[in-house]
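Reading through the structure tokens given below for one structure.
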Amino acid sequence: MAAPPETMEKIMPKWMSWMKELQDNGYLKAGRPLERSGKLVTGKSRTVTDGPHVESKDLIGGFVIIEANDMNHAIEISHGCPALDNDGCVEIRPVMKLDM
Amino acid sequence: MMELSEHLFRHEHGRMIGVLTHLFGVHNLALAEDVVQDAFCRALEVWKFSGVPANPSAWLMATAKNRALDILRRERTARNYAPELGHLLQTEWTLSPTIDELFKSQTIADDQLRMMFTCCNPLLPESSQIALTLRVICGFSVEEAASAFLISQDAMEKRITRAKKVLAGSRTLFDLKDSDLCNRQSAVLRSLYLLFNEGYHATSSEIVVRKDICLEAMRLTSLLLHNPTTSTPATCALYALMHLLAARIPARMDEDGHIVVLKSQDRTQWSSELIAEGKRLLDLSAEGTELSEYHIEAAIAAVHADASSAAETDWEMIISLYDSLMALAPSPVIALNRAIAVAQLEGPLCGISAVEEIADRDRLLHYPFYHAAVGEMQLLAGNCAIAMHCFDEAQLYSRNASEKAFFKQRAEVCRIIEMEKSDRCIPACQRE
């Protein structure tokens, strides 16, 4: 169920101030919203289906790459994410360090 | 980073819906609503990363336009779109230029007005016309519209769904060159007037949405004034009336959220800017020969605005304006307001006789302010017991908690005065 315009408008400043905060503190390295449409390629047969979230209830709105001291710090930073106010979730995955 | 202007989405909603409905046809209103919703979602997704663009409304409109092009390319033959554009949308050669033409700013502005006129279809009851206007033009959700009208979400949903079905019968937007323009414009003005009133009689300070509909009604009226075809003296008079009434909003409630009647309002709280603008508009509206009920109502509001207190109000002028209003558009509510003015000028007993002379008085029996007005007159005339009964009746028909609390408090005043009277009686009785 989509939110009414007025509600969406109220969410916007929260996002912008959170993103600004990430930027001002030097945490933000990259980030992009994701298109809602996409394809899902599965298995050996390379079956292509419309996706990516036809089967799942999760809708991944976008990603940000942040630089944090450690996992706890990253969790602390995630607390400000406005998606959480809407009962959404933030998944935090450390990017693996590779010595190459 | 750009700040988001307040109510941007609400204000863009009607502009986008207008042009998209022109393109898709009124019967595809749901598709137009999907495209608008989609543009808002996209804005939310993109702007949170990139910040608000320099021209957010142009960004939204361009997004809606691209989405519309996608749909038309993909489903070119799957649906019937606007009949007058039909063949132009069929080939790529004509599709782009046709859409470019539609999304020019003048067409967008006109289409928004045409959509407003389309919503005020005389086949619909007035309550549906204004519900539809709020939903379609102002982008209110069903929930917001329901709370603005103090009805259940379910009832509002049904009202809007039924109304959309009726609209779908017409397929094309109302044409501002239509020979029926004059009648349809009266319906539009009436809807905007009712919309404003719906918000104006909001009495509870926590229901912000009801104040918002006053502002929306004013904004839509100003849109009519921006187009030479729809900028009539009546439109200007309605806009004047809205300003003069809105000026009083700050004084209509006390700090505890209780109603303060006109007579007791702190007039220093009235907005002098809104009053000045209202009077300027009222002067402007005097052009031409057309005298609408909005002219007279605005004139009455202006007389109140000029008076520093209820006592110093030019009641004679107000009564004569109500007489003109009764001649133009008679209604028992107007007759009641006239009677209240008579009571102010000639005393409560004359007011009571004026009330008794109202034709169709029985139509007022469910109107709480009828009972309250008679109550005030009876109280002034010293008939406290009758007055108390009147305020009890008013409570019975009150439409919200603030109204009810107000009438209850007035009934209490009557009871106290009545008790004091009988207290004074006791020594007299004992003397016997």
Side-chain angles (χ1 to χ4, degrees), chain A residues 1-39 50-54 57-67 77-91, chain B residues 1-17 33-53 56-57 59-60 63 67 70 74 134-148 153 156-157 208-209 212-213 215-216:
Chain A
M1 188 54 210
E6 192 72 2
T7 312
M8 290 171 53
E9 201 179 306
K10 296 235 161 71
I11 300 171
M12 192 91 68
K14 291 188 192 169
W15 273 100
M16 289 192 296
S17 69
W18 186 58
M19 294 295 282
K20 188 174 185 307
E21 203 182 301
L22 293 185
Q23 204 153 28
D24 290 352
N25 289 322
Y27 301 145
L28 188 68
K29 295 300 155 198
R32 277 282 183 275
L34 296 178
E35 292 285 353
R36 270 165 288 158
S37 58
K39 296 290 178 192
D50 280 338
H53 43 75
V54 179
K57 284 184 188 137
D58 306 326
L59 195 150
I60 301 171
F63 69 90
V64 283
I65 297 177
I66 59 159
E67 195 170 278
I77 292 171
S78 79
H79 282 349
C81 179
L84 300 170
D85 297 339
N86 252 351
D87 254 357
C89 66
V90 179
E91 185 176 338
Chain B
M1 197 185 283
M2 282 282 298
E3 283 288 315
L4 207 55
S5 70
E6 205 185 4
H7 301 315
L8 172 77
F9 281 13
R10 267 188 192 163
H11 297 182
E12 291 306 317
H13 195 275
R15 280 164 37 87
M16 292 156 85
I17 284 283
E33 289 184 308
D34 285 348
V35 172
V36 173
Q37 186 72 27
D38 187 78
F40 288 156
C41 286
R42 248 194 133 65
L44 190 61
E45 283 159 9
V46 174
W47 296 359
K48 65 192 181 196
F49 283 92
S50 63
V52 179
S57 34
W59 191 102
L60 285 167
T63 306
R67 182 90 188 99
D70 280 351
R74 210 176 43 215
L134 265 189
R135 176 78 195 90
V136 174
I137 309 289
C138 310
F140 275 49
S141 66
V142 170
E143 192 186 348
E144 287 165 335
S147 73
Q153 216 169 307
M156 182 52 87
E157 182 90 62
V208 186
V209 66
D212 281 1
I213 66 179
L215 295 175
E216 285 297 292

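Residue numbers start from 1 in every chain, and the chains themselves are labelled A, B, ... in the order their sequence lines are given, proteins ahead of strands.
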[atom1]-[atom2] distance between [X] and [Y], expressed to the nearest 0.5 angstrom:
{"X": "B:W47", "Y": "A:W15", "atom1": "CH2", "atom2": "CH2", "value": "16.0 Å"}
{"X": "A:C81", "Y": "B:K48", "atom1": "SG", "atom2": "NZ", "value": "7.5 Å"}
{"X": "B:F40", "Y": "A:T7", "atom1": "CZ", "atom2": "OG1", "value": "11.5 Å"}

Requested in this report: Tell me, for A:M12 versus chain B, whether the close heavy atoms (under 4.5 Å) come from the side chain, the backbone, both or neither.
Outcome: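 Looking at A:M12, backbone and side chain both touch chain B.
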
Query - Toward chain A, the part of B:H7 with a non-hydrogen atom under 4.5 Å - result: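 Both backbone and side chain.
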
Query raised in the report: So do B:C41 and A:M8 actually touch side chain to side chain, heavy atoms under 4.5 Å?
Result: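 Result yes, sub-4.5 Å side-chain heavy-atom pair found.
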
Query raised in the report: Pairs in or reaching into residues 21-33 of chain A: which pass salt bridge (charged side-chain N to carboxylate O under 4.0 Å, His left out), with residues at least two apart or in two chains?
Result: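 Matches after skipping sequence neighbours: A:K20-A:D24.
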
**Report entry** Main-chain N/O of B:F9 paired to A:E9 side chain as donor or acceptor, under 3.5 Å
**Finding:**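 It does hold such a pair.
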
Query raised in the report: Which heavy-atom pair separates B:E45 from A:P33 by the least distance, and what is that distance?
Result: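 Distance-wise, the nearest heavy atoms are O-CB, 3.5 Å.
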
Query raised in the report: Which pair of heavy atoms, one from A:F63 and one from B:F49, lies closest together, and at what distance?
Result: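 Answer, listing the atom of A:F63 first, then B:F49: O-CE2, 3.5 Å.
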
Report task. Only counting residues at least two apart or in another chain, list the ones meeting salt bridge (Lys or Arg N to Asp or Glu O under 4.0 Å) with B:D34. Result ->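 Once residues adjacent in sequence are excluded, B:D34 has no partner under the salt bridge (Lys or Arg N to Asp or Glu O under 4.0 Å) criterion.
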
Query raised in the report: More than 12 non-hydrogen atoms from neighbouring residues, nucleotides or ligands closer than 6.0 Å to CD on B:Q153, yes or no?
Result: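 For B:Q153, atom CD is crowded (more than 12 foreign heavy atoms under 6.0 Å).
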
